[in-house]
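Okay, handing you the structure first.
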2 protein chains.
Amino acid sequence: MSQPTATVRELIREHYTDLTQSERKFANALLENYPAAGLASITIVAAQTGVSTPTIARMVQKLGFKGFPQFHQALLKELQAKVSGPTERRANWATEAPESHLLNRFAKAVTQNIQTTFSNVPSEAFDAAAQLLANTDQTLFIVGGRITHALADYAFTHLQAVRPRVIHLTSSSATWPHYLLDMARGDTLLMFDIRRYESNLLRLAELARERGVDVVLITDQWASPVAEIASHSFTCWVEIPSAWDSNVSTLMLLEALIAAAQEEAWPQTKARYERLDGLFEQTRLFRKPGSQ
Amino acid sequence: MSQPTATVRELIREHYTDLTQSERKFANALLENYPAAGLASITIVAAQTGVSTPTIARMVQKLGFKGFPQFHQALLKELQAKVSGPTERRANWATEAPESHLLNRFAKAVTQNIQTTFSNVPSEAFDAAAQLLANTDQTLFIVGGRITHALADYAFTHLQAVRPRVIHLTSSSATWPHYLLDMARGDTLLMFDIRRYESNLLRLAELARERGVDVVLITDQWASPVAEIASHSFTCWVEIPSAWDSNVSTLMLLEALIAAAQEEAWPQTKARYERLDGLFEQTRLFRKPGSQ
DNA sequence: TGCCATGTGGAAAGTTTTTTTCAGAACAGG
DNA sequence: CCTGTTCTGAAAAAAACTTTCCACATGGCA
């Protein structure tokens, strides 16, 4: 191998752009299950990945190995080094970085948040909220705060693909009265409110509630005052060692809700997705999709 | 292998008395340098130990293996098991819901994505990118695609709080040439490109690159073509059992980058945060912060 | 000393793995 | 819609590996 110090992982990263579609398929399989996915014979490895042996052979040469056996040996050496190394703690995420590196500290905190968040989701409320989000007989309004308007935007983009009648309340609260005008009994308002809670949002929620709108709230562990009004509210753990809050768990819960809403009404959703795809094709905005 | 639970080490000890002189020579060599001395091909292993290949072959059969390949596999498995450690798989996330509930399936997939993503972040590139994001001498441009513009928006909101001279390229690509006009050598362009990759973004990256702008790319495991141009590119695993891709790992990486950039220039950032807070107070947009 | 049992490795035979070749398929660009 | 390029995997060829066979060496024993 040309770079004696580089790990196979690094070599893949370095050469990734040179790799073809099938080669990447194997590269990804290996990175996802490292290094186990590369330890068998080339024949077996190829079969497991779903590509041909020549593809693997070509790829390891691109990585700088003379042939598959050399590649195989390199993986083995890494594995050994890992075992014999100084009491390898698997707590490290960014495998090469020290435990104290921000990447690892950050990963630890966020993982903890996700864990706590998901452990505390009441599944009936979740299912009920998903049903509300999927209910196409009524309109769905989405709104977020200063920071969370990006999440609201994300929710809007996806839910719009899932169902019709989705409306995103722009962040300028001056225009909210216009939207309130159109809210009707049975509609749903999906609201994000993470500290510092905005009084605007509370007022909006109150007015919506008065009109018989179901409020679904996604908030943080200190709970926005909107929670008292909401039909369903979900608590996300957001604290990280930083001046601001992490929204990873928030996004994760949101995505879960979208996935659930999508499953709720799959036949219609599927047709809708296909129409959307067709429209994109026509506007030629996009290249052909990536592999897989 | 006949005794599925026994390690090769134990097998050798158990059968040691049955072994002949040359066989013991190999057994000792293996025990002294375990398991490295047994990981190569039978030919090499034999040569290194100073015995013949038939000797090795006979011995592994005495140990209960069908042949050398089986023996080899057994060693490999032990090594892997050692690395992956006590596989602490979290069974259920949403504690009260059944494993098959969408919440749990979803959590499992996303956790896997996060784990893989963070394992594959090259820490030098991460540090370098953070430095670019924190460099206030130059302008920072941020742009995203159809789905990822929400992430770009999120990045913009936070980075704007961290430093001056941050510009968010609105999603309408018609206006991009205006921004290009102002890009100068040494500026940074933070770009999100998740499949399906948009040709607009590639062209933008190319033009920016020509002007001497450093492109920091956040993409998915199939790698946007922009990766070939980018100064630093980061791969996020985004696949979930769904028609669309999850951006949890993407957001997590983004937040880590923001946190790193913030740490990079904390004194200025801190003062800036305080000024921002003061401004919010004055505009009375917000209630008093939540507890803690 | 001669005979036999046992251990050992060279080399052939057999098997598997790896590499190479090549033709068709997919794709980008004109 | 065509054209040249790149990519891919089936299959053949080459290489490597593993096993088997067998002759030879060694050492115990009558």
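Naming convention: chains lettered A, B, ... in sequence-line order (proteins, then strands); numbering from 1 in each chain. As the structure is a prediction and not an experimental result, all values here were calculated from the model.
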Send over the distance from B/Phe71 CZ to D/dT18 P, rounded to a whole Å.
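Atom CZ in B/Phe71 sits about 11 Å away from atom P in D/dT18.
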
Return the set of residues passing ring-ring contact (aromatic ring centres under 6.0 Å, His included) with B/Phe156 (not counting sequence neighbours), or none when no residue passes.
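Here the qualifying residues are B/His168.
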
Polar pairs (N or O, both sides) under 3.5 Å between protein and nucleotides 26-28 of chain D?
none

State which residues pass salt bridge (Lys or Arg N to Asp or Glu O under 4.0 Å) with B/Glu23; sequence neighbours excluded, sorted by chain then number.
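Checked B/Glu23 against salt bridge (Lys or Arg N to Asp or Glu O under 4.0 Å); matches are B/Lys62.
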
Between P of C/dT8 and NZ of B/Lys25, the distance in whole Å:
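After rounding, the reported distance stands at 10 Å.
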
Please report the distance, rounded to the nearest Å, between NE2 in A/His72 and P in C/dT19.
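My rounded result for the distance is 12 Å.
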
Qualifying residues under ring-ring contact (aromatic ring centres under 6.0 Å, His included), relative to A/His158, sequence neighbours excluded:
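A/His158: ring-ring contact (aromatic ring centres under 6.0 Å, His included) contacts with A/Tyr154, B/Trp244.
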
A/Tyr16 backbone acceptor or donor facing A/Arg24 side chain under 3.5 Å:
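Present.
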
Backbone N/O of B/Asp193 and side chain of B/Glu198: donor-acceptor pair under 3.5 Å:
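Checking the backbone N and O of B/Asp193 against the side chain of B/Glu198, no donor-acceptor pair under 3.5 Å is found.
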
Looking at A/Glu32 and B/Thr116, would you say the former's side chain and the latter's main chain have a donor-acceptor pair under 3.5 Å?
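Looks like no, no N/O pair under 3.5 Å.
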
Using a 4.0 Å heavy-atom cut-off to protein, can you give one letter per nucleotide of nucleotides 8-13 of chain D, 5' to 3': B if the base is in contact, S if only the sugar-phosphate is, - if neither?
BBBB--

In whole angstrom, what separates B/Phe68's CZ from D/dT20's C1'?
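B/Phe68 atom CZ is separated from D/dT20 atom C1' by 17 Å.
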
Donor-acceptor pair, distance only, cut-off 3.5 Å: does the side chain of A/Gln262 make one with the backbone of B/Ser242?
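No.
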
Residues which pass ring-ring contact (aromatic ring centres under 6.0 Å, His included) with B/Tyr34, listed by chain and number, not counting sequence neighbours:
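Residues passing ring-ring contact (aromatic ring centres under 6.0 Å, His included) with B/Tyr34: none at all.
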
Which residues in residues 35-44 of chain B have a heavy atom closer than 4.0 Å to any atom of DNA chain D?
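Within this stretch, B/Ser41, B/Ile42, B/Thr43 sit under 4.0 Å of the strand.
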
How many whole angstroms separate atom CE of A/Met59 from atom C1' of C/dT19?
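Distance check: A/Met59 CE to C/dT19 C1' gives 17 Å.
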
Under 3.5 Å donor-acceptor pairs involving side-chain atoms of residues 39-57 of chain B, not counting sequence neighbours:
{"residue": "B/Ser41", "atom": "OG", "partner": "B/Ile44", "partner atom": "N", "Å": "3.4"}
{"residue": "B/Thr49", "atom": "OG1", "partner": "B/Val45", "partner atom": "O", "Å": "2.7"}
{"residue": "B/Ser52", "atom": "OG", "partner": "B/Thr55", "partner atom": "OG1", "Å": "3.0"}

For A/Glu264, enumerate each residue passing the side-chain hydrogen bond (donor to acceptor under 3.5 Å, both in side chains) test, keeping only those at least two apart in sequence or located in another chain.
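So A/Glu264 forms a side-chain hydrogen bond (donor to acceptor under 3.5 Å, both in side chains) with A/Gln131.
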
Just the rounded figure in Å: distance from C1' of D/dT19 to CD of B/Gln70.
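Atom CD in B/Gln70 sits about 12 Å away from atom C1' in D/dT19.
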
Does B/Asp220 use its side chain to pair, donor to acceptor, with the backbone of B/Arg195 at less than 3.5 Å?
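Side chain of B/Asp220 to backbone of B/Arg195: a pair is present.
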
Tell me every residue that passes salt bridge (Lys or Arg N to Asp or Glu O under 4.0 Å) with B/Glu228, counting only those two or more places apart in sequence or in another chain.
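For B/Glu228 there are no salt bridge (Lys or Arg N to Asp or Glu O under 4.0 Å) partners, ignoring immediate neighbours.
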
Taking atom P of C/dT18 as reference, at what distance in whole Å does atom CD of A/Gln61 sit?
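It is 13 Å, rounded to the nearest whole Å.
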
Mind checking what makes ring-ring contact (aromatic ring centres under 6.0 Å, His included) contact with A/Phe26, not counting sequence neighbours?
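ring-ring contact (aromatic ring centres under 6.0 Å, His included) list for A/Phe26, sorted by chain: empty.
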
DNA chain D: stems of at least 3 consecutive Watson-Crick or G-U pairs, cut-off 3.5 Å?
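If one scans DNA chain D for consecutive Watson-Crick or G-U pairs, the stems found are C:1-30 with D:1-30.
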
